[in-house]
Amino acid sequence: QVQLVESGGGLVQAGGSLRLSCAASGSTFSSYHMGWFRQAPGKEREFVAAITWSGGVTYYGDSVKGRFTISRDNAKNTVYLQMNSLKPEDTAVYYCAAKFYTQGLLIATMTDYHGMDYWGKGTLVTVSS
C-alpha cells in the first residue's frame, strides 16, 4: 500500500509559477514510477507528467511541455511538479499517482490513468487571467 498526499496548490495569476509536492508513505517509494494528472470540471482526467522510479527519465503531456518539470527525491519519498508560465487552462485539480515498477515497464504507460496503482486526493490549482 502507498499513501500519497499532494500539497502546494493555490491561486496564481497567469504567467506565474507554483510547485506541487506529493509525499508518499507506506511502501518503498523507489519501487514506483510516479505521475501527475489533472482534471478540470466536466473534463476527463488528463496526463501531465511522469518520472521513472530512478528519476532518470521523464515524460510530459503536450500541453505542458517546456513549462512544467517533474522531479523526485527518493530520500524524501517525494515527487514534485514545478509549473511555470501558468495559463488559465491549467486550472484543475492535480493528482499524484504511483505505478509499481516491473522490469521493462515503459514510462509511456504512465499516460493511461486507468493503469495507476495508487492515487492521492488531489490539490486544486486555479490560474486567473
Side-chain angles (χ1 to χ4, degrees):
Q1 282 278 14
V2 176
Q3 292 78 46
L4 302 172
V5 179
E6 303 94 337
S7 61
L11 174 64
V12 63
Q13 287 189 331
S17 298
L18 279 177
R19 188 196 197 201
L20 305 184
S21 299
C22 172
S25 62
S27 187
T28 304
F29 182 63
S30 59
S31 295
Y32 293 84
H33 287 345
M34 298 298 296
W36 287 95
F37 294 79
R38 66 186 183 187
Q39 189 165 18
K43 294 189 176 181
E44 192 173 11
R45 196 162 293 193
E46 175 190 16
F47 169 73
V48 175
I51 189 166
T52 54
W53 66 272
S54 65
V57 180
T58 57
Y59 197 74
Y60 296 92
D62 289 341
S63 60
V64 306
K65 279 180 185 175
R67 299 188 298 123
F68 291 11
T69 302
I70 188 171
S71 61
R72 67 188 294 162
D73 185 337
N74 285 349
K76 295 183 178 179
N77 290 353
T78 303
V79 62
Y80 305 97
L81 185 69
Q82 177 66 43
M83 305 186 295
N84 299 329
S85 302
L86 282 161
K87 305 175 182 179
E89 51 263 44
D90 293 319
T91 295
V93 177
Y94 282 71
Y95 297 91
C96 174
K99 184 172 181 64
F100 185 74
Y101 171 74
T102 54
Q103 187 72 28
L105 181 67
L106 300 177
I107 194 170
T109 63
M110 295 290 291
T111 62
D112 181 4
Y113 69 86
H114 296 99
M116 298 300 105
D117 296 319
Y118 300 101
W119 289 93
K121 293 184 177 181
T123 185
L124 176 63
V125 172
T126 303
V127 184
S128 63
S129 57

Passes side chain to side chain contact (heavy atoms under 4.5 Å, CB included), M83 versus L20? Steps please. CA-CA 8 Å; M83 305 186 295; L20 305 184; 3.8 Å; yes

Let me confirm one number: the OH-CZ distance from Y60 to R67, rounded to the nearest 0.5 Å. 12.0 Å

Is there a donor-acceptor pair under 3.5 Å between the side chain of R72 and the backbone N or O of T52? yes

Side-chain (T91) to main-chain (V127) donor-acceptor, under 3.5 angstrom: yes

Evaluate D90 against R38 for side chain to side chain contact (heavy atoms under 4.5 Å, CB included), listing each step before the verdict. CA-CA 9 Å; D90 293 319; R38 66 186 183 187; 2.8 Å; yes

Going by heavy atoms in the side chains, are Q1 and Y118 under 4.5 Å from each other? yes

Hey, does the side chain of E6 reach the backbone of G122 with a donor-acceptor pair shorter than 3.5 angstrom? yes

Main-chain N/O of G115 paired with K99 side-chain donor or acceptor, under 3.5 Å: yes

Hey, is the main chain of W53 close enough, under 3.5 Å, to the side chain of N74 for a donor-acceptor pair? yes

S63-E46 side chain donor-acceptor pair, cut-off 3.5 Å: yes

Main-chain N/O of T109 paired to D112 side chain as donor or acceptor, under 3.5 Å: no

Going by the rule salt bridge (Lys or Arg N to Asp or Glu O under 4.0 Å), which residues pair with R19 if we only count those two or more places apart in sequence or in a different chain? none

4.5 Å side-chain heavy-atom contact, C96 and W36: yes

Quick check for you: to the nearest 0.5 Å, what is the distance between Q39 atom CD and Y95 atom OH? 5.5 Å

A40 versus A92, closest heavy-atom pair with distance: N-CB, 3.8 Å

Taking atom CG of L18 and atom OG1 of T123, what is their separation to the nearest 0.5 Å? 9.0 Å

Apply side chain to side chain contact (heavy atoms under 4.5 Å, CB included) to residues V2 and F100 and explain how you reach the verdict. CA-CA 10 Å; V2 176; F100 185 74; over 6 Å; no

Note: A50 and I70 closest approach over all heavy atoms is O-CG2, 3.5 Å

Classify the ring geometry of H33 against Y101: parallel below 30°, tilted from 30° to 60°, perpendicular beyond 60°. tilted

Of the non-hydrogen atoms in Y94 and L81, which two are nearest, and what is the gap between them? CD2-CD2, 4.1 Å

Is D62 salt-bridged to K65, going by a charged N under 4.0 Å from an acidic O? yes

Which pair of non-hydrogen atoms, one from S17 and one from S85, has the smallest distance, and what is that distance? OG-N, 4.4 Å

Distance from I107 atom CD1 to Y59 atom OH, nearest 0.5 Å? 8.5 Å

To the nearest 0.5 Å, atom CZ of F47 lies from atom CE of M116 at 8.5 Å

Taking every non-hydrogen atom, the tightest pair across A23 and T78: CA-OG1, 4.2 Å

Kindly compute the distance separating CG (L11) from CG (L124), expressed to the nearest 0.5 Å. 9.0 Å

Side chain to side chain contact (heavy atoms under 4.5 Å, CB included) for M34 and L4? Distances and angles first, verdict last. CA-CA 10 Å; M34 298 298 296; L4 302 172; 3.9 Å; yes

